[in-house]
Amino acid sequence: MNSKVLLVGAPSDALRRSLSGEFWIQTCPNAADALQLLPKTDCVVLICCMENEAHAVDFMRSAIQARPHLPAILMVADDWSGTFQMAAENSSMLLLPARTNPEMVRLNARHFLREHSRQTEKKDVLEKSVSGSVSAFFEILSIIDPYSASLGQRLRYAVDLFCRAAKVELSWQLETSALLCEIGVLTVPFRVLMKHQAGQELSAFEKDMIARVPERGADLLEQIPFFAPVAAAIRYQGKNYDGTGLPADSLAGDKLPFGARILKVLNDLFRIKENGRAQDEAIREMEEREGRYDPHLLRVAKDCFDVNLPSKIPASTLPMKVNDLRPGQLLVSNVETEDGVLLIRDGQVISPRLLHKLRNFAFTSGIKEPIYVIDLLESRKMTSTFGEIVNSGTTFLSKTK
């Protein structure tokens, strides 16, 4: 009899006696007292025996907020109707007629607890499978192409700030879409990937291969059914709001996945800024690209991010010499020649092409050192393992519905 039942309201003596044969009983006649007790008690099930329907519904809604996953049994009268929708919305709630034999209440409580425990275990396994899959995908990406992995890290952080500014919920699906937005590069031959990042001329076949990276990434993730929303956001992240671009289908406007429309804005914003443009210059250029972006989301990006957004990622900065820089690091200081000429603004992720440019200038004109960077793949706040991301400043699975 280690399991505790909290009885709220006016349970019958027969119900108390029946339950006491299997549970330790704690009775609380007053609803307000029960709500104060709920966060502290170690009860495994709540049984509400209140006689007024409106009071019972109000209490149960508050109880769900106090202990969201606590199994609850609500004893209802025949003419109660407002309780059914509430129960339908909450898998942790069971309705029983108030006239139910006390022994049947006990048996139902036992079965309900056993089934609730089984469902909780299934959910835990599912969440661990999801977190393990994301972690594995991202670890592989960070090994094969650290630059693409670091872009995902920075985009994940930017999506968090973007959703706060837009006053929309940051779902784990959207965070995962941002983190794995470049996962499709795993399907591109390494030689082609290096040519593309170095700015070398690509054949028509190679250009098509690079253009279809989002689709190939979505194809990879769609093999895991739980990732269907993530795959959709990644597949359409490069498609224009007016429906032009890839994939070549009829989706356009608000029919495009919401996550894809956000990724389209943020991806293009970062890529323009990587070419040395300031925030206001980048936004102005995007506004001139008629039909490419969701107008509302572009306005949010305009008001949300300042010039140095990426360098606000919470992490330790590292002083580096030019020869020690590597792709995937984030510049948090301007890069200037020894005579004070600005070469690269802060807030840019170092790509292979950018690193080549820096080394050329260091050889010909000299560059002021040290250069301060954040290592996106090793920062504790921008960790590369999904298990740690769950417990970091922004979370994934705590938002799972």
Side-chain angles (χ1 to χ4, degrees), residues 135 137-161 178-183 185-186 190 193-199 266-267 269-279 282 305-338 341-363 365-386 388-389 392-394:
S135 179
F137 274 126
F138 190 77
E139 290 291 348
I140 294 171
L141 180 62
S142 64
I143 292 170
I144 299 299
D145 185 13
Y147 175 60
S148 293
S150 68
L151 287 178
Q153 289 280 41
R154 182 174 59 155
L155 191 58
R156 165 190 168 259
Y157 177 75
V159 161
D160 181 17
L161 297 185
L179 190 70
L180 299 181
C181 64
E182 295 288 311
I183 194 69
V185 302
L186 297 181
F190 188 72
L193 187 60
M194 290 300 97
K195 284 178 63 178
H196 169 64
Q197 292 184 347
L266 298 185
N267 254 322
L269 176 60
F270 283 165
R271 294 185 191 281
I272 294 173
K273 291 176 70 173
E274 281 179 355
N275 291 326
R277 305 290 183 85
Q279 167 77 10
F305 302 140
D306 62 25
V307 175
N308 297 317
L309 162 72
S311 63
K312 291 183 178 177
I313 294 172
S316 298
T317 59
L318 304 172
M320 308 284 286
K321 293 185 176 181
V322 173
N323 289 337
D324 296 327
L325 297 174
R326 63 184 178 86
Q329 293 173 329
L330 175 68
L331 291 170
V332 292
S333 63
N334 291 336
V335 180
E336 300 177 350
T337 63
E338 289 183 345
V341 176
L342 178 64
L343 294 177
I344 304 167
R345 296 178 185 273
D346 64 346
Q348 298 186 38
V349 174
I350 298 175
S351 66
R353 188 186 313 179
L354 186 58
L355 184 57
H356 181 69
K357 173 183 177 180
L358 285 174
R359 288 175 176 169
N360 282 343
F361 270 99
F363 179 75
S365 305
I367 288 180
K368 290 182 181 179
E369 295 178 332
I371 298 171
Y372 290 90
V373 301
I374 289 174
D375 195 323
L376 293 178
L377 298 181
E378 295 180 5
S379 162
R380 289 181 60 82
K381 287 292 185 180
M382 297 298 289
T383 176
S384 62
T385 60
F386 188 75
E388 293 177 12
I389 286 174
S392 70
T394 54

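Bear in mind that the values here come from a model prediction, so they are computed numbers and not experimental data.
For the pair Glu182/Tyr147, no side-chain contact is recorded, criterion being any heavy-atom separation below 4.5 Å from C-beta on. Side-chain contact check for Asn360 versus His356: some heavy-atom pair is nearer than 4.5 Å. Side-chain atoms of Cys181 and Leu151, non-hydrogen and from C-beta on, never get closer than 4.5 Å to each other. Here the side chains of Pro327 and Leu355 are in contact, with some heavy-atom distance below 4.5 Å. Between Phe361 and Leu343 the shortest side-chain heavy-atom distance falls below 4.5 Å. At least one side-chain heavy atom of Leu330 sits less than 4.5 Å from a side-chain heavy atom of Arg154.
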task: Take Glu336 and Lys368 through the test salt bridge (Lys or Arg N to Asp or Glu O under 4.0 Å) and record every step on the way to the result.
output: CA-CA 6 Å; Glu336 300 177 350; Lys368 290 182 181 179; 3.2 Å; yes
field: Pair Ile144-Val185, side chain to side chain contact (heavy atoms under 4.5 Å, CB included): steps then yes or no
entry: CA-CA 9 Å; Ile144 299 299; Val185 302; 5.7 Å; no
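The two residues Ser333 and Tyr372 come nearest to each other via the heavy atoms OG-N, 3.1 Å. The two residues Glu338 and Ile367 make their nearest non-hydrogen contact at CG-N, 3.8 Å. Of all non-hydrogen atoms in Gln329 and Asp324, the two that sit nearest each other are OE1-O, 4.5 Å. The nearest pair of heavy atoms linking Leu179 to Gln153 is CD1-OE1, 3.3 Å. In plain terms, the two heavy atoms of Arg359 and Asn323 that are nearest each other are NH2-O, 3.6 Å.
Interatomic distance, CG of Leu325 versus CG of Leu358, reported as 6.5 Å (0.5 Å rounding). Here Ile140 contributes atom CD1 and Ile183 contributes atom CD1; the two are 7.0 Å apart, rounded to the nearest 0.5 Å.
Each of Val332, Leu331, Leu318 was checked for a side-chain contact (heavy atoms from CB on, under 4.5 Å) with Ile374, and the lone residue meeting it is Val332.
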